[in-house]
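Heads up: the structure comes next, in structure tokens.
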Amino acid sequence: MDKLSLYGETFASRLLIGSALYPSPAIMLEAVRASGAEIITLSLRRQNPAHQDGKVIWDYIRSSGCKLLPNTAGCKSAKEAVTLAEMSREIFQTDWLKLEVIGDDYSLQPDPYGLVDAAKELSKRGFKVLPYCTEDLVLCRRLLDAGCEALMPWGAPIGTGQGLLNKYNLRMLRERLPDTPMIIDAGLGAPSHAAEAMEMGFDAVLLNTAVAKAHDPVAMGGAFKMAVEAGRAGYNAGLMLARQTASPSTPTIGMPFWRRQSQ
Amino acid sequence: MKSKLRIGIAGGGLLGRLCAWRLALMNHEVTLFDAGDFERPGGACWTAAGMISPLSELVSAEPEVYHMGMRSLDIWPRWIAELERQTGMSASYRQAGSVVVAHPLDKAELAQFQRDLNAKLPADEALQWLDREGVARLEPGLADHFEQGLYLPSEADVNSRLLLNALLAALRQGGVRLISNTLVECSAHRMHWSSGSERFDWVIDVRGLGASRNMTGLRGVRGEVMIIETSEVRLNRPVRLMHPRYKLYAVPRLNGQIIIGATEIESADMSPISLQSTLELSSALYALNPAFAEARVVETSVNCRPALPDNLPRVKREPGLICANGLYRHGYLLGPVVVGQVLDQFHSEKQYAA
């Protein structure tokens with residue numbers, strides 16, 4: 001079967017979903033259900049994790065039945081990220097981690113240097129690290145060297161809904177790292193963006209804002225589910241290459257020669 | 001008349017005070033319990049900015065919040081006029097609309113706000129685009145910095161602390177028995193505390209987060225605000241600033257004070273404001289007008305809003321016990337309507353008795 005495989009675990013759904021920004025926790029749960037996602041990210045940086053003050057909402061997210069993927073959103077250095085990761089491992093009893101180390105406050109662009117440092121340390125400590133990174137090939141290689149077995153390159157900056165901004169780089173990344181599970185994380189706004197990422201051969205996509213901030217998050221969760229499935233099916237079926245001119249599918253022998261030259 | 005009832009209310013926040021006040025006006029015998037002090041309530045009502053903004057809230061809330069909020073906008077002016085007449089105290093109720101702005105770089109946020117609002121609003125609701133002159137006319141303090149904005153003329157706000165104080169005065173005048181610093185538990189017809197209990201015809205439980213043990217799914221959502229003081233910049237009405245990461249409102253109060261808020265963090269954490277939130281709130285305010293730089297921070301305040309999984313209020317009723325909770329970030333917006341739902345019981349009872 002065509003399943004998503006990450007750190008030795010397999011998943012039927014190729015859509016990962018975030019748990020922030022929904023109108024209410026109840027709508028969040030419904031939207032997650034509609035999306036078919038089996039992995040859900042959650043943040044704890046600002047919730048006073050040492051005192052477990054976010055417990056009610058964490059339990060609520062847990063009740064989705066999805067695998068929890070705690071993130072280190074809000075961390076700006078490797079050290080902060082490692083501390084938070086240890087705390088989240090203790091609270092959620094999982095060594096899975098979406099690693100975020102932010103280098104720019106406004107765009108929330110990842111800090112490649114901090115990311116590699118943190119990934120090294122966390123891998124050494126036994127974490128299964130999924131780093132949120134830019135689509136830079138060299139950075140991605142360094143993250144693999146650091147012990148990551150999967151990558152989460154961005155499509156566009158978090159929350160922008162711009163879609164895949166640097167398709168050239170993303171394509172190259174896919175070609176150069178054919179065996180690494182890669183999840184397009186951040187920046188997707190429309191279901192077509194998700195389908196496009198899947199058609200390019202990426203293994204999965206991760207979304208939050210596009211679903212949570214839709215006028216109808218539940219319906220949008222369903223729309224992304226279909227888009228991801230369509231994109232993946234299309235990729236598996238083998239996309240035709242786009243051509244410069246439309247080629248007739250029946251012989252043109254019967255057509256007068258002067259017509260053949262027209263255009 | 002047979003209709004005089006003994007009513008015990010748990011929770012001296014906004015809902016508890018409004019219920020006690022209305023019920024006392026209906027000549028019932030009312031006792032109001034609070035876990036803390038009536039002079040300085042511990043609940044979110046004391047921290048809140050007191051905005052009554054059904055339109056702005058609609059962007060991230062269910063249509064029900066909007067409809068209830070619009071009904072509140074009808075009730076508040078009447079109730080406040082009544083309260084001010086009764087007590088001679090002002091609650092600084094102001095129906096001057098609100099203004100929503102975004103910096104040119106964050107224009108998309110304003111467009112998104114308008115789109116979200118239009119998608120959910122009834123067609124006849126007024127929403128006005130402002131150009132630079134429009135912003136300057138309504139809010140001269142923002143004139144140099146914003147080229148466009150939105151004006152939501154029907155929105156209002158009330159000075160939460162003045163209102164709570166006036167309500168307290170009205171309760172004292174109305175002969176409501178006030179029992180402070182007493183943690184209670186509620187059951188049908190009975191209020192319990194560590195050393196005793198008392199029977200009532202009706203018990204009303206409006207403890208907010210104090211009722212966590214009795215209401216499954218109730219959670220706290222942390223909010224942080226700052227109160228600043230300046231004579232350099234004046235605002236005439238609540239202003240919201242759209243930003244990709246954090247939304248700020250600034251609500252002018254008396255004496256050059258402005259309350260700015262509010263963060264929204266999914267956590268029951270009541271510890272003091274974080275440095276991160278201080279930076280976010282103050283830099284957003286600074287972005288409204290750099291002249292805010294020399295404003296003085298006179299207070300920071302933190303509280304948790306009681307919320308249910310659907311972020312909507314709930315009124316639960318059984319013989320002898322009414323519970324109202326889950327007003328989330330909409331205490332002042334929905335308060336009168338939720339209190340109305342609680343009071344319905346006593347209107348019908350009164351009719352029944354008469």
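Residue numbering restarts at 1 for every chain, and letters A, B, ... go by the order of the sequence lines. No experiment lies behind these values; they were computed from the predicted model shown. Computation of the quantities below employed the complete heavy-atom set of this structure, encompassing side-chain atoms and omitting hydrogens, waters and symmetry-equivalent molecules.
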**Prompt:** More than 12 heavy atoms of other residues, nucleotides or ligands under 6.0 Å from OH of A:Y7: is that the case?
**Reply:** yes
**Item:** Whether over 12 other heavy atoms sit under 6.0 Å from A:E86 CD
**Value:** yes
**Message:** Could you measure the distance from the CD atom of B:E266 to the CD1 atom of A:I61? Nearest 0.5 Å is fine.
**Reply:** 8.0 Å
**Interatomic distance, A:D53 atom CG to B:C304 atom SG [nearest 0.5 angstrom]** = 7.5 Å
**Prompt:** Between atom CG of A:L44 and atom OG of B:S267, what is the distance when rounded to the nearest 0.5 Å?
**Reply:** 10.0 Å
**Asked** To the nearest 0.5 Å, what is the distance between OG (A:S24) and CD (B:E62)?
**Response** 6.0 Å
**Item:** B:R115 atom CZ, over 12 foreign heavy atoms within 6.0 Å
**Value:** no
**Message:** Heavy-atom count check: over 12 atoms from other residues, nucleotides or ligands less than 6.0 Å from B:E299 CD?
**Reply:** yes
**Fill in**
Okay, B:L218 and chain A: the region with an atom under 4.5 Å from a heavy atom over there is backbone
**Fill in**
Whatever's closer than 4.5 Å to a heavy atom in chain B on A:D59 counts as neither
**Message:** Using a 3.5 Å distance criterion without hydrogens, assess whether the side chain of B:N311 forms a donor-acceptor pair with backbone atoms of A:P23.
**Reply:** yes
**Item:** B:S212 portion near chain A, given a 4.5 angstrom heavy-atom threshold
**Value:** neither
**Message:** B:D157: which residues meet the side chain to side chain donor-acceptor pair (under 3.5 Å) condition with it, sequence neighbours left out?
**Reply:** B:R94
**Contact residues of residues 327-338 of chain B (partner chain A; heavy-atom separation under 4.5 angstrom)** = none
**Message:** Report which part of A:S63 has an atom under 4.5 Å of a heavy atom belonging to chain B: side chain, backbone, both, or neither.
**Reply:** neither
**Item:** Residue, of B:T263, B:I265, B:L312, that accumulates the most heavy atom pairs under 4.5 Å with chain A
**Value:** B:I265
**Request:** Can you tell which part of B:R219 gets under 4.5 Å to a heavy atom of chain A, answering side chain, backbone, both or neither?
**Result:** both
**Asked** Within a reach of under 6.0 Å around NZ of B:K120, are more than 12 heavy atoms found that belong to other residues, nucleotides or ligands?
**Response** yes
**Message:** Could you work out, with ring-ring contact (aromatic ring centres under 6.0 Å, His included) as the rule, every residue matching B:F146, not counting sequence neighbours?
**Reply:** B:H103
**Message:** Just to be sure I understand the criterion: a residue of residues 26-36 of chain A counts if one of its heavy atoms is under 4.5 Å from a heavy atom of chain B. Which ones qualify?
**Reply:** A:A26, A:I27
**For the student: nearest non-hydrogen atoms of B:Q276 and A:K76, plus distance** = OE1-NZ, 3.8 Å
**Complete:** When every non-hydrogen atom of A:P25 is compared with those of B:P309, the smallest separation belongs to CD-O, 3.0 Å
**Asked** Checking heavy atoms, do the side chain of A:Y106, its backbone, both or neither come under 4.5 Å from chain B?
**Response** both
